[in-house]
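Every value quoted in this text rests on a predicted model; they were computed, and no experiment measured them. Whatever order the structure lists ligands and atoms in, that order sets their numbers, starting from 1.
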Amino acid sequence: MTKFSKDVVPGGHPMVRAEGVHKSFGHAHILKGIDLEVNPREVFCLIGPSGSGKSTFLRCINHLEKISAGRLYVDGRLVGYRQHGDKLYELKEKEVSAQRRDIGMVFQRFNLFPHMTALENVMEAPVQVRRESRAVARERAQRLLDRVGLGDRTGHYPAQLSGGQQQRVAIARALAMEPKLMLFDEPTSALDPELVGEVLDVMRDLAEDGMTMIVVTHEMGFAREVGDSLVFMDDGVVVESGHPREVLAHPQHDRTKAFLSKVL
Ligand code: ADP
Ligand code: MG
């Protein structure tokens with residue numbers, strides 16, 4: 001008979017786990033002990049006032065910043081470090097790039113390469129980073145652009161596309177590396193209001209497809225309808241978390257209530 005330990009869920013670990021994560025820039029203490037877990041296939045929404053540390057937290061997950069204390073894991077592996085006994089060793093640049101490859105990130109500003117068409121933008125990373133053949137990369141890019149509703153815009157340059165279309169190209173570009181985790185940092189904040197919906201629709205489609213997503217957003221409708229959990233962050237700490245409908249309808253803390261009264 002095979003024995004299973006009660007403590008071990010076969011193959012089960014969170015996609016992201018933060019344990020007492022701190023981040024300082026010089027004397028500025030920005031993240032002050034973040035604890036949270038994001039499970040596979042979960043849509044995890046992160047809200048909070050400007051300056052509360054939301055982007056910094058995403059940047060730590062994606063190796064754009066180094067945490068100052070605590071532990072951060074993606075898919076069961078320490079971000080940026082290897083643990084040996086009770087010592088931590090920084091990963092080499094190559095190992096860090098390998099970890100980052102599994103994470104897609106979409107920013108408020110789309111940051112597409114202006115001199116490349118939509119198709120070339122989506123093909124770029126697989127060809128340059130993964131050394132994939134152009135034919136294979138092109139086929140996938142075409143499929144991804146179809147998926148975000150831009151199958152007929154593959155030859156357009158960013159300047160010829162609307163903000164919403166550019167952001168959908170940016171999402172396709174992130175998906176081209178076949179990430180297991182997608183980070184969205186206020187992906188609709190820079191868009192004209194009439195273009196927000198088309199980007200949220202693409203994100204909803206991704207969610208339904210089972211992508212694990214951390215979404216920093218002020219779109220409370222999206223959080224309520226698509227989110228599996230919602231965290232309210234303020235001044236570098238998690239103030240409150242729970243199911244989005246619950247947190248939005250019945251916030252427990254005064255700071256959450258004050259914030260929601262401004263954005264809802
Ligand atoms: P949010 O995304 O919630 O608006 P941020 O994570 O962007 O907040 O910023 C939190 C705080 O950290 C802000 O006060 C910001 O000025 C500061 N900060 C962010 N990045 C840096 C940096 N590279 N150097 C110094 N301070 C920074
Ligand atoms: Mg931010």
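Scanning all protein heavy atoms for the shortest distance to atom 3 (O) of ligand 1 gives Lys54 NZ, 2.8 Å. The single protein non-hydrogen atom nearest to atom 19 (C) of ligand 1 is Phe25 CE1, 3.5 Å, given as residue, atom name and distance. For atom 6 (O) of ligand 1, the closest non-hydrogen atom on the protein side is Thr56 OG1, 2.5 Å. Protein heavy atom at the shortest distance from atom 7 (O) of ligand 1 is Ser55 CB, 3.6 Å. Closest to atom 10 (C) of ligand 1 among all protein heavy atoms lies Gly51 O, 3.4 Å.
One finds no salt bridge joining Arg153 and Asp146 here, because no Lys/Arg side-chain nitrogen approaches an Asp/Glu carboxylate oxygen to under 4.0 Å. Salt bridge Arg140/Glu132: present, at least one basic N to carboxylate O contact under 4.0 Å.
At least one heavy atom of Pro49 sits closer than 4.0 Å to an atom of ligand 1.
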Q: Evaluate the criterion side-chain contact (heavy atoms from CB on, under 4.5 Å) for residue pair Ile47 and Val247; output intermediate values, then yes/no.
A: CA-CA 11 Å; Ile47 63 171; Val247 176; 5.7 Å; no

Q: Just do the side chain to side chain donor-acceptor pair (under 3.5 Å) check on Asp185 and Ser55 with the steps written out, would you?
A: CA-CA 7 Å; Asp185 195 353; Ser55 295; 2.6 Å; yes

(Q) Assess the residue pair Arg41 and Asp228 against the criterion (salt bridge (Lys or Arg N to Asp or Glu O under 4.0 Å)); give the C-alpha distance rounded to whole Å, side-chain angles, the decisive distance to 0.1 Å, and a yes or no. (A) CA-CA 9 Å; Arg41 308 177 71 85; Asp228 298 300; over 6 Å; no

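In summary, the side chains of His13 and Asp75 do present a donor paired with an acceptor at a separation below 3.5 Å, with no hydrogens or angles considered.
The minimum heavy-atom distance between Glu124 and Phe113, with the atom names listed, is CG-CE1, 3.8 Å.
Considering backbone and side-chain atoms alike, Ile30 places every N or O at 3.5 Å or more from each N or O of ligand 1. The N/O atoms of Gly53, backbone and side chain alike, include one that comes under 3.5 Å of an N/O atom in ligand 1.
Here Ser55 reaches the Mg ion (ligand 2): one of its N/O/S atoms is less than 2.8 Å from the metal.
Counting only heavy atoms, the protein never gets under 4.0 Å from atom 16 (O) of ligand 1.
Taking the six-membered ring for Trp, Tyr89 and Tyr81 have ring centres at least 6.0 Å apart.
Close approach of ligand 1 to Ser52 is summarised as follows: ligand atoms under 4.0 Å from at least one heavy atom of the residue are 1 (P), 3 (O), 8 (O).
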